[in-house]
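Excluded from the calculations below are hydrogen atoms, water molecules and symmetry mates; all remaining heavy atoms, backbone and side chain alike, are included. Whatever order the structure lists ligands and atoms in, that order sets their numbers, starting from 1. For the single chain, residues carry numbers from 1 onward in sequence order.
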Amino acid sequence: MRHELVEQKLEDLRRLSAERGLRLTHQRMEILRELASATDHPSAETVHGRVQRRLPTVSLDTVYRTLCTLEDLGLAAKVSVVGDNGRFDADLSPHHHFVCDACHEVRDFAWPDLDDLPIPGEARALGRVDGLRVILKGTCADCLARRAGRDS
Ligand SMILES: [Zn+2]
Ligand SMILES: [Zn+2]
């Protein structure tokens, strides 16, 4: 499934670059490939570390700017995680995020009942609503287990 997302994203990047007259660089393709195959919502630093095997000379700054370009193109989204630096997600299908306060892992979950709820009038009065993303904050199961192990 992830492989299909990667291929779809690369195809979208080819199309959008042609449409907007952007240069389709090898770096951009590789950075998008890395982000689209990740399921952990990596930061620019993490993506940088991972692409270095294939792009040994790429700078962190270039990776960060490329991720922002991908966001502008609608191929990725920044995950807002309070108190953390930017994290990126190439999966733009409707889903929500669970953020661990201890290890800052960001995990996806579905909440179909919530997606079906009507948007409150107060929110609709603020402008056009294009999507719904909920962030649940807490402590992930791994961190809870680690903590329990330490305390016993
Ligand atoms: Zn955790
Ligand atoms: Zn996500």
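The Zn ion (ligand 2) has an N, O or S atom of H41 inside 2.8 Å of it. Among the atoms of H104, none of the N, O or S atoms falls under 2.8 Å from the Zn ion (ligand 1). The Zn ion (ligand 2) has D108 among its coordinating residues (N/O/S atom, backbone or side chain, under 2.8 Å).
H41 and D91 share no side-chain donor-acceptor pair at under 3.5 Å.
Our summary of the site lists the angle at the Zn ion (ligand 2) between OD2 of D89 and NE2 of H95 as 90°, to the nearest 10 degrees. At the Zn ion (ligand 1), the vertex angle linking SG of C100 with SG of C143 is 110° (nearest 10 degrees).
Dense packing is recorded around CZ of R15, with more than 12 heavy atoms of other residues, nucleotides or ligands lying under 6.0 Å away.
At a threshold of 4.5 Å between non-hydrogen side-chain atoms, the residues R107 and C140 count as touching.
Side chain of R133 to backbone of H95: a donor-acceptor contact under 3.5 angstrom is found. A donor-acceptor pair under 3.5 Å links the side-chain atoms of S37 to the main chain of E34, judged by distance alone.
Closest to the Zn ion (ligand 2) among the N, O or S atoms of H97 is NE2.
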